[in-house]
Amino acid sequence: MSETAVRRSPDHAVLRKVALSGLLGTVIEYYDFLLYGTLAAIVFGQLFFPGSDPVVGTIASFGTLAVGYVARPVGGIVFGHFGDRMGRKSMLVLTMTMMGLASVLIGLLPTYGSIGAWAPVLLVLCRIVQGVAIGGEWAGATLMVVEHADAKRRGLWNGLLQMGSPLGSVLSTIAVALVTRLPEDQLMSWGWRVPFLFSAVLLGIGLYVRISITESPLFEQSRAAADKPKVPLVEVLRNPGTFLLASAVGIGPFALTALISTFMITYGKSIGYATADVVTGVLITALLGLVAIPLFSLLSDHLGRRTVVVGGAAGIVLLAFPMYALVNTKVVALLFAGMLLGQLIQNAMYAPLGPLLSEMFGTNVRYTGVSLGYQMGALIGGGFTPLLASSVFTISGAPSSTPLAVLAGACGLVTLLAIWRTGETRGRDLAAAVETRTPVSS
């Protein structure tokens, strides 16, 4: 049965509400992620891992960031399974609730000075819950949009959803910028908690919208399929080539996000920039994303997903060293220029991921396949990059951008090779009841 046979034209009022729900979920996801990563660089080493060398404390706090990423594929498997078996909507209500509550709980945690070793243990547990929830959030929100939209505008509608990424970054950056202007003692005692507690507001708004959306029409059409797999994960892994490509294509954009937004504060401080200047740079790059992400998403509808991702991946391979050369000038305006260059390249790789991954899997296994592919890319590219970067960039005894540029370029090369091996998916019929075998280019 063709996709047009399932529904001849989407209900745009319903689609707008679905896109808004996905947007709010993505805002919460990126707000929580970037908020934790930023404060890990600024205060968490002292609050939860005191008594150690400052560099070791930073590595430890970034280690808890990586723990959240390790939990993401688990969430992708769990929520993907039930999302493919029971429906997208119910899983999305649960993931949003878990994400928001975990962030609020981090804001309420006692620190090491109050309860000793239990403080980092509880922090890790909150990160695990957050990671599991995020593991099912992005794919479910993406599928709800692309499965409601018509084939020619999947990129456009998904681009509106993906604006939640820079919006979440803007909100988290503003929150951090405000609290870091507090006196040091107030920041360390209560100021750092306020941005996490603000997640309760985002959660309330998000749930209000999400509960009212309708289930995916493609899922409803496939619900009664006789050949519906009992364990979608098994079906996905029967075609490991598609899964591996779906995972590898996300490594470059996630690594670049980590280096520009999360680790840039640590690196910028190490070479003499004021924290406020680097945080301002993160805010400016997020504002660029509000324009670039929907633009690149729209271009993927016209030029193809593959073409846009190839452009971004080739860009970071060629420009990683020039990007850091701008940062290393220690001139604030050129710092901003380097970060903007990196963000533009990241947006080109990231923007088409939603429709690209969705078009690589059939309806009955799509939630599982997209979740696991996306989150494995996030784990490798985003989870370990700050940890690896904080471990290696001082190898020479002085801060050096060389390993960071090599890391960015290498991750971009992985994405380039993966997307080069992936056939174009634009316009593919999403109503297939079995997993789509992604064509591999010669």
Pairs of donor and acceptor atoms involving the side chains of residues 186-205, under 3.5 Å and at least two apart or interchain, shall be tabulated with distances.
from   : atom 1 : to     : atom 2 : distance (Å)
Ser189 : OG     : Asp185 : O      : 3.0
Ser189 : OG     : Gln186 : O      : 3.2
Trp192 : NE1    : Met188 : O      : 3.4
Arg193 : NH1    : Gly107 : O      : 3.0
Arg193 : NH1    : Leu109 : O      : 2.6
Arg193 : NH2    : Leu109 : O      : 2.8
Ser199 : OG     : Asp32  : OD1    : 3.1
Ser199 : OG     : Ser103 : OG     : 2.8
Ser199 : OG     : Phe196 : O      : 3.2

Contacts table for residues 329-344: side-chain donor-acceptor under 3.5 angstrom, sequence neighbours left out:
from   : atom 1 : to     : atom 2 : distance (Å)
Thr329 : OG1    : Leu326 : O      : 2.7
Thr329 : OG1    : Val331 : N      : 3.3

Can you give me every donor-acceptor pair (side chain of residues 281-288, partner residue at least two apart or in another chain, under 3.5 Å) with its distance?
from   : atom 1 : to     : atom 2 : distance (Å)
Thr285 : OG1    : Gly281 : O      : 3.3
Thr285 : OG1    : Val282 : O      : 2.7

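With sequence neighbours left out, the side chain to side chain contact (heavy atoms under 4.5 Å, CB included) criterion links Thr368 to Asp84, Pro232, Leu233, Val236. A search for side-chain hydrogen bond (donor to acceptor under 3.5 Å, both in side chains) contacts involving Tyr30 returns Tyr350, Tyr374, not counting sequence neighbours. Looking at residues two or more places apart in sequence or on another chain, you find no side-chain hydrogen bond (donor to acceptor under 3.5 Å, both in side chains) involving Thr142. Every residue meeting the side chain to side chain contact (heavy atoms under 4.5 Å, CB included) condition with Thr95, not counting sequence neighbours, appears here in chain and number order: Phe79, Leu92, Glu137, Arg210. In this view, Ala378 and Tyr69, Arg72, Phe254, Gln375 satisfy the side chain to side chain contact (heavy atoms under 4.5 Å, CB included) rule, not counting sequence neighbours. For the side-chain hydrogen bond (donor to acceptor under 3.5 Å, both in side chains) test, no residue two or more places apart in sequence or in another chain qualifies with Thr307. Every residue two or more places apart in sequence or in another chain was checked for a side-chain hydrogen bond (donor to acceptor under 3.5 Å, both in side chains) with Ser297, and none qualifies. Residues that satisfy the side chain to side chain contact (heavy atoms under 4.5 Å, CB included) test with Ser247, not counting sequence neighbours, are Phe243, Met376.
Arg366 places a side-chain N or O within 3.5 Å of a backbone atom of Phe361 that can act as its donor or acceptor partner. Not one N or O on the side chain of Tyr31 forms a donor-acceptor pair closer than 3.5 Å with the backbone of Thr173. Under the 3.5 Å distance criterion, the side-chain polar atoms of His148 are matched with a main-chain donor or acceptor of Met144. One N or O on the side chain of Arg305 and one on the backbone of Ser300 form a donor-acceptor pair closer than 3.5 Å. Between the side chain of Thr415 and the backbone N or O of Gly252 there is at least one donor-acceptor pair closer than 3.5 Å.
Identified under the salt bridge (charged side-chain N to carboxylate O under 4.0 Å, His left out) test for residues 275-293, with sequence neighbours left out: none.
Put simply, the side chain of Leu20 reaches to within 4.5 Å of the side chain of Leu23, judged on heavy atoms. Between Tyr367 and Met91, some side-chain heavy-atom pair lies under the 4.5 Å cut-off. Looking at heavy atoms from C-beta onward, Asp301 lies out of side-chain contact with Lys152 at the 4.5 angstrom threshold. Within the 4.5 Å cutoff, the side chain of Ile106 has heavy atoms near those of the Arg127 side chain. When side chains are defined from C-beta on, Leu156 does not count as touching Pro294, because their heavy atoms never get closer than 4.5 Å. Residues Ser114 and Thr111 meet the side-chain proximity criterion, which asks for heavy atoms closer than 4.5 Å. Val43 has its side chain out of reach of Phe48: every pair of non-hydrogen atoms, C-beta onward, lies at least 4.5 Å apart. When side chains are defined from C-beta on, Ile77 does not count as touching Ser371, because their heavy atoms never get closer than 4.5 Å.
Remark: Arg16 is not positioned above the aromatic ring of Trp157, lacking an NZ or CZ atom under 6.0 angstrom from the ring centre and at most 45 degrees off the axis.
Heavy-atom neighbours of Tyr208 OH from other residues, nucleotides or ligands within 6.0 Å: at or below the threshold of 12.
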